[in-house]
A.B. asks: 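Quick one: the structure is below, questions incoming.
Starting from 1, each residue takes its place in the sequence as its number. Just so you know, ligand 1 is whichever comes first in the structure, and atom 1 is the first atom listed for that ligand.
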Amino acid sequence: MYEKKDNRSADNQPKLTSLTELGEFGLIDRLTKNVKYHHPETLMGIGDDAAVIEAGDKVILFSTDLLVEGIHFDLTYMPFKHLGYKAAVVNISDIAAMNGVPKQMTVSLAVSSRFSAEALDELYAGVVMACEKYKVDLVGGDTSSNVKGLMISVSILGEAKKEEVTYRSGARSGDLLCVTGDLGSAYIGLFILEREKSVFKVDPNMQPELSGFDYQIGRQLRPEARTDVRNLLIGIGVKPTSMIDISDGLASEILHLCKQSGVGCKLFEGKIPIDEYTKELAKEYKIIPSVAALSGGEDYELLFTVKQEDYEKIKDIVGITIIGHMTAASEGKLMITPDGKAIPITAQGWDGMRK
Ligand code: ADP
Ligand code: MG
């Protein structure tokens with residue numbers, strides 16, 4: 001009797017799993033399921049915005065991000081200087097999301113001969129500018145040629161006291177769900193850039209019409225990291241119970257907090273902070289403004305939870321909005337619309353593999 005090998009297809013070829021089917025997070029889970037930690041200093045490994053490593057009376061935060069041409073950036077509208085700045089900022093943002101202070105970074109490049117040294121000078125001017133602004137030391141990297149295109153990989157170290165670190169897993173039922181700044185503008189910025197690019201493709205004599213969209217385009221091309229939030233919260237005596245940065249869209253990040261904390265949530269759609277002009281533009285482009293915030297991503301604001309008893313301390317802080325609260329896991333992960341309907345939150349963020 002033959003035993004049917006279930007990983008073989010009808011023609012007896014091994015059945016391979018497509019990455020599209022798996023998705024980015026499915027792939028990470030699959031690749032890392034057998035990873036074991038050997039050192040007790042590794043307080044947090046895979047699964048948060050940064051790894052957390054005990055070092056004396058402090059912890060080191062360690063994170064890395066890869067930016068790939070054609071996937072994460074498009075050089076038709078991304079100036080090199082902005083690209084360098086953004087590559088640094090997205091890493092600094094991951095340290096901010098752990099409630100830490102960014103300290104050192106390395107920058108590695110894989111670059112094809114299509115690029116000039118002058119272009120890469122600009123890229124580095126952007127990296128250095130971000131390092132100046134956020135007081136981060138650029139301490140090394142690696143440089144390689146590449147068959148095609150440009151890839152930038154940045155790794156970053158940060159620091160915090162052990163008790164200051166905010167994990168994705170610390171949210172509890174009843175905690176208030178808060179967000180810094182406003183959301184969705186980076187997505188509208190991207191929409192405008194893509195629209196002008198397609199106009200330009202049809203008629204190269206057309207000049208891009210980008211004036212008047214400075215905020216939206218700036219949010220997309222030159223985001224900032226919210227390293228200021230750490231001190232703001234220390235100042236009002238509030239420690240978030242959990243935190244994550246919004247790189248992939250509000251929905252996806254809320255689901256990360258819920259999953260890792262083992263809780264549910266109620267998000268009030270009408271409370272999501274969105275810039276007024278971004279709302280107008282979204283409507284003009286037939287995009288529901290809250291969808292730009294929920295699914296757009298790249299605003300690099302911080303999403304965090306605080307204990308309910310901190311309500312008085314946080315409710316009037318300019319630049320922080322309470323958008324909902326956490327619930328028991330059994331209550332589900334819901335968005336309440338302005339007319340009171342409860343909709344399950346689903347992630348449609350920038351899941352790289354599905355793009
Ligand atoms: P972020 O959006 O904050 O950069 P990611 O969603 O990229 O975080 O990653 C989620 C977690 O999975 C992080 O802890 C990250 O370090 C880890 N991770 C991502 N890719 C890999 C990989 N190829 N191998 C091991 N860990 C990975
Ligand atoms: Mg992150």
A.B. asks: Within the 4.0 Å heavy-atom shell around R168, which atoms of ligand 1 are there?
C.D. replies: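 Counting from 1, the qualifying ligand atoms are 3 (O), 8 (O).
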
A.B. asks: Under a 4.0 angstrom heavy-atom cut-off, which atoms of ligand 1 come close to D94?
C.D. replies: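 The atoms of ligand 1 under 4.0 Å from a heavy atom of D94 are 3 (O), 4 (O).
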
A.B. asks: Minimum heavy-atom separation for L267 to I254, with atom names?
C.D. replies: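 Reported closest heavy-atom pair: CD2-CD1, 3.8 Å.
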
A.B. asks: In the protein, which heavy atom is nearest to atom 27 (C) of ligand 1, and how far is it?
C.D. replies: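 Minimum-distance protein heavy atom for atom 27 (C) of ligand 1 reads I28 CG2, 3.9 Å.
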
A.B. asks: Does NZ in K197 sit with more than 12 non-hydrogen atoms of other residues, nucleotides or ligands closer than 6.0 Å?
C.D. replies: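 Atom NZ in K197 is crowded, with more than 12 foreign heavy atoms closer than 6.0 Å.
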
A.B. asks: Which protein heavy atom lies closest to atom 11 (C) of ligand 1, and at what distance to 0.1 Å?
C.D. replies: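 Its nearest protein heavy-atom neighbour is G47 N, 3.8 Å.
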
A.B. asks: For the pair K283 and E280, find out whether any cationic side-chain nitrogen is under 4.0 Å from an anionic carboxylate oxygen.
C.D. replies: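 Salt bridge: no.
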
A.B. asks: As an exercise, state the distance from CG of L250 to CD of E301, rounded to the nearest 0.5 Å.
C.D. replies: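 Between atom CG of L250 and atom CD of E301 there are 11.0 Å.
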
A.B. asks: Before accepting this row, confirm whether a basic side-chain N of the pair K286/E284 lies closer than 4.0 Å to the acidic partner's carboxylate O.
C.D. replies: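 No, K286 and E284 are not salt-bridged.
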
A.B. asks: How far is atom 2 (O) of ligand 1 from its nearest protein heavy atom, and which residue and atom name does that atom have?
C.D. replies: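 Result: S247 OG, 3.6 Å.
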
A.B. asks: So, the side chain of D299 versus the backbone of G184: is there a donor-acceptor pair under 3.5 Å, distance only?
C.D. replies: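 At least one qualifying donor-acceptor pair exists.
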
A.B. asks: How close does the nearest protein non-hydrogen atom get to atom 17 (C) of ligand 1, and which residue and atom is it?
C.D. replies: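 Of every protein heavy atom, I46 CG2, 3.7 Å lies nearest to atom 17 (C) of ligand 1.
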
A.B. asks: Are there protein heavy-atom neighbours of atom 23 (N) of ligand 1 below 4.0 Å?
C.D. replies: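 Not a single protein heavy atom is under 4.0 Å away.
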
A.B. asks: When you check the gap from the basic side-chain N to the acidic O, do D228 and R226 get nearer than 4.0 Å?
C.D. replies: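 Salt bridge flag = yes for R226 with D228.
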
A.B. asks: Where is the nearest protein heavy atom to atom 7 (O) of ligand 1: which residue, which atom, and how far?
C.D. replies: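 It is E24 OE2, 4.1 Å.
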
A.B. asks: Would a distance-only check, ignoring hydrogens and angles, find a side-chain to backbone donor-acceptor pair under 3.5 Å from T321 to I323?
C.D. replies: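 Judged by distance alone, no pair lies under 3.5 Å.
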
A.B. asks: Can you report which non-hydrogen protein atom sits closest to atom 15 (C) of ligand 1, along with the distance?
C.D. replies: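 Answer for atom 15 (C) of ligand 1: D48 O, 4.6 Å.
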
A.B. asks: Can you find an N or O of T32 that's nearer than 3.5 Å to an N or O of ligand 1?
C.D. replies: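 So ligand 1 has no N or O lying under 3.5 Å from an N or O of T32.
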
A.B. asks: I want to confirm something. Looking only at heavy atoms, which of D29, D65, D49, V90 is nearest to atom 4 (O) of ligand 1?
C.D. replies: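 Shortest heavy-atom distance from atom 4 (O) of ligand 1: D65.
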
A.B. asks: Judged by modelled atom types alone, do E269 and T337 share a side-chain donor-acceptor pair under 3.5 Å?
C.D. replies: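 No pair is found: no donor N or O on one side chain lies under 3.5 Å from an acceptor on the other.
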
A.B. asks: Check this for me, if you would: do K313 and D310 make a salt bridge, where the nitrogen-to-carboxylate-oxygen distance has to be below 4.0 angstrom?
C.D. replies: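 Looking at D310 together with K313, the answer is yes, because their closest N to O distance falls below 4.0 Å.
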
A.B. asks: Starting from atom 6 (O) of ligand 1, locate the nearest protein heavy atom and write down its residue, its atom name and how far away it is, to 0.1 Å.
C.D. replies: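 Going atom by atom, the protein heavy atom closest to atom 6 (O) of ligand 1 ends up being F25 CE2, 3.3 Å.
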
A.B. asks: For D49, what is the atom name of its N, O or S atom nearest to the Mg ion (ligand 2)?
C.D. replies: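 Nearest to the Mg ion (ligand 2) within D49's N, O and S set: OD1.
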
A.B. asks: At the Mg ion (ligand 2), what is the angle formed between atom OD1 of D94 and atom OD1 of D245, rounded to the nearest 10°?
C.D. replies: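 Reported to 10°, the angle equals 100°.
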
A.B. asks: If you scan the protein for heavy atoms around atom 13 (C) of ligand 1, do you find one that is closer than 4.0 Å?
C.D. replies: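 Within 4.0 Å of atom 13 (C) of ligand 1, protein heavy atoms are found.
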
